[in-house]
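Here the structure comes first, spelled out in structure tokens, and everything after it is commentary.
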Amino acid sequence: MSLHINRRGFLSVAAGALAAPALVAGIRSAQAATTLTLGHGAAPGNPRTIAAAKFAELVAEKTSGRVKINVAGAETLGSDSAMLTSLRTGALDFTANSQGATSALVPELAALGLPFLFPDTGKAMKVLSGPVGAELNKRFEAVGVVPLDWWDNGIRHLTNSKRKIAAPGDLKGLKIRTPADPMTIDIFQALGAGTEQIAFGELYIALQQGVVDGQENPLANIESSKLFEVNKYISLTAHKWESTPFLMSKIAQARLGADIEAVKAAAKEAGDLQRRLSAEKDGQVLGNFKKNAAVEVVEVDRAAFVKATASVAENWKKKPFGDFVSKIEAEARA
């Protein structure tokens, strides 16, 4: 039996043979791509949401497409606490999480939220870039988590649906939603309020239905999640600053190999963007609230709030990690 190949057939076979290595290389490249997932709880338009999308873009760029990040926001992967559990098991690779929920893993983290400790994000970042941040990193790694950066969850303020709150005594008889953060709970109990822990994704309905009277959050979160629609009074308490820990699973770190450095660089760039957007958003949102006839912005007696919460820091210094609490306070006051 003879094999006959005409000119057209020969050229077709030859072209196929020449293309095969490139085709195989393309398939191998696609197979080699690593796809990871980032979860967070912020609403569309929030600085955290924008920065998470930027992080995914930067990772793809810096790894030449070898690593792809899928972003799932607005608690589509569960609450902050649920996402942290997924992070530690490797079911989730990254999370831009809340300081309160994350302090369940590393209790010392909550000390960043001591009342009236940080006047702004710049001061907090200065402290986190030194020995305090290095010590927190070690404690995170001991529980299987790698901090990539400290994003900004802003200076927090109080809202409620009942009345103006300008002094600590005005909180008497009100029930305030707090995250599952022991520091925030201690602050509001020191102020004389009742507290209740409700997942952020359920907060709007809880306020609307009167399950709680008020809540506390940075202005950007109050705006992006429309909490002002169900809480008319916004009191500028500025009672604490909070971070948004940007975390990676150690399991994901192991999968990244040499691309880990590109991912870390992307996290830092995205963090710079998030902090800048957060600062810009605060001023913009405050201006919008002051112009909104349906909202009442209340200036408070800050000195009275500081005095009423002074016992919180002293009580936290009595905890097993009290030396660390004192260290944070000393560096913040320096």
Side-chain angles (χ1 to χ4, degrees), residues 25-99 101-102 105 125 128 133 136-137 140-141 143-154 200-201 220-221 224-225 243-278 281:
I27 291 171
R28 286 176 178 166
S29 176
Q31 288 174 338
T34 301
T35 300
L36 303 173
T37 302
L38 161 61
H40 66 82
N46 189 282
R48 192 184 311 182
T49 302
I50 296 168
K54 185 64 175 179
F55 171 68
E57 177 188 321
L58 288 167
V59 167
E61 176 186 307
K62 291 177 182 294
T63 64
S64 300
R66 290 186 302 276
V67 180
K68 177 184 177 183
I69 307 293
N70 291 329
V71 179
E75 290 194 340
T76 54
L77 299 181
S79 67
D80 281 339
S81 295
M83 284 188 279
L84 287 167
T85 299
S86 297
L87 191 76
R88 296 183 71 194
T89 63
L92 181 64
D93 304 296
F94 303 91
T95 180
N97 214 276
S98 64
Q99 182 170 297
T102 308
L105 294 182
M125 292 304 297
L128 283 166
L136 285 171
N137 287 349
F140 270 105
E141 295 207 16
V143 294
V145 174
V146 182
L148 292 176
D149 199 13
W150 303 98
W151 292 7
D152 180 21
N153 201 21
F200 187 74
N221 290 2
S224 64
S225 294
S243 68
T244 292
F246 189 63
L247 308 171
M248 175 177 61
S249 165
K250 271 194 171 181
I251 297 169
Q253 181 183 43
R255 291 180 60 195
L256 284 166
D259 283 322
I260 184 61
E261 295 306 319
V263 169
K264 286 181 177 179
K268 292 294 184 186
E269 282 189 46
D272 288 341
L273 171 66
Q274 192 275 340
R275 288 183 288 272
R276 177 173 59 79
L277 291 176
S278 186
K281 188 80 170 175

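These values consider heavy atoms only, across backbone and side chains, with no hydrogens, waters or symmetry-generated copies.
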Practice prompt. List the steps and the verdict of side chain to side chain contact (heavy atoms under 4.5 Å, CB included) for Gln274 and Ser278.
Written response: CA-CA 6 Å; Gln274 192 275 340; Ser278 186; 4.3 Å; yes

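- Residue Gly41 comes nearest to Asp80 through the heavy atom pair N-OD1, 4.3 Å, listed as atom of the first residue, atom of the second, then distance.
- Taking each heavy atom of Trp150 and Met125 in turn, the nearest pair found is O-SD, 3.6 Å.
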Practice prompt. Assess whether side chain to side chain contact (heavy atoms under 4.5 Å, CB included) is satisfied between Asn46 and Ile50, documenting all intermediate values.
Written response: CA-CA 6 Å; Asn46 189 282; Ile50 296 168; over 6 Å; no

Discussion item. Go through it in stages, so that I can follow the logic: the residues are Thr95 and Leu84, the test is side chain to side chain contact (heavy atoms under 4.5 Å, CB included), and I'd like the CA-CA distance, side-chain angles, deciding distance and then a yes or no.
Written reply: CA-CA 7 Å; Thr95 180; Leu84 287 167; 4.2 Å; yes

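- A distance-only check finds a donor-acceptor pair linking the side chain of Thr102 to the backbone of Ser98 [under 3.5 Å].
- Between Glu261 and Lys62, none of the side-chain N atoms (NZ, or NE/NH1/NH2) sits under 4.0 Å from a carboxylate O, so this pair counts as no salt bridge.
- Between Phe94 and Phe55, the ring planes lie perpendicular to each other; the angle is over 60°, past the 30° to 60° tilted range.
- The distance from the CD atom of Glu269 to the NZ atom of Lys264 is 15.5 Å, given to the nearest 0.5 Å.
- Just one residue in the list Arg275, Arg276, Lys281 forms a side-chain contact (heavy atoms from CB on, under 4.5 Å) with Asp152, and that residue is Arg275.
- A donor-acceptor pair shorter than 3.5 Å can be found between the side chains of Asn153 and Arg48.
- Shown here for Val145 and Pro147, the closest heavy-atom pair between the two residues is O-CD, 3.7 Å.
- Nearest heavy atom pair, residue Ala262 against residue Thr63, reads CB-CG2, 3.8 Å.
- Contact annotation: the side chain of Phe200 approaches that of Ser225 to within less than 4.5 Å [non-hydrogen atoms, C-beta and beyond].
- Using modelled atom types, one side-chain atom of Asp93 and one backbone atom of Thr37 make a donor-acceptor pair closer than 3.5 Å.
- Note that CH2 of Trp151 is 15.5 Å distant from CD of Gln99, once rounded to the nearest 0.5 Å.
- Minimum heavy-atom separation, Ala52 to Val71: O-CG2, 3.7 Å.
- A 4.5 Å side-chain heavy-atom check between Leu92 and Thr85 finds every atom pair outside the cut-off.
- In summary, Asp149 and Lys268 engage in a salt bridge, as defined by a charged side-chain N under 4.0 Å from a carboxylate O.
- In plain terms, the two heavy atoms of Leu87 and Met248 that are nearest each other are CD1-C, 4.1 Å.
- A donor-acceptor pair under 3.5 Å is formed between the side chain of Thr49 and the backbone N or O of Ala43.
- Using a 4.5 Å heavy-atom threshold, the side chains of Lys68 and Thr34 count as separate.
- Put simply, the side chain of Val67 reaches to within 4.5 Å of the side chain of Leu36, judged on heavy atoms.
- In this structure, the side chain of Ser64 does not engage the main chain of Ala60 through any donor-acceptor pair within 3.5 Å.
- A donor-acceptor pair is defined here as one N or O able to donate and one able to accept, closer than 3.5 Å; no such pair exists between the side chain of Glu141 and the backbone of Val146.
- Other residues, nucleotides and ligands contribute at most 12 non-hydrogen atoms within 6.0 Å of the NZ atom of Lys54.
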Discussion item. Please evaluate residues Val143 and Arg88 with respect to the criterion side chain to side chain contact (heavy atoms under 4.5 Å, CB included), reporting the C-alpha separation (whole Å), side-chain torsions for both, the decisive distance (0.1 Å), and the verdict.
Written reply: CA-CA 8 Å; Val143 294; Arg88 296 183 71 194; 3.8 Å; yes

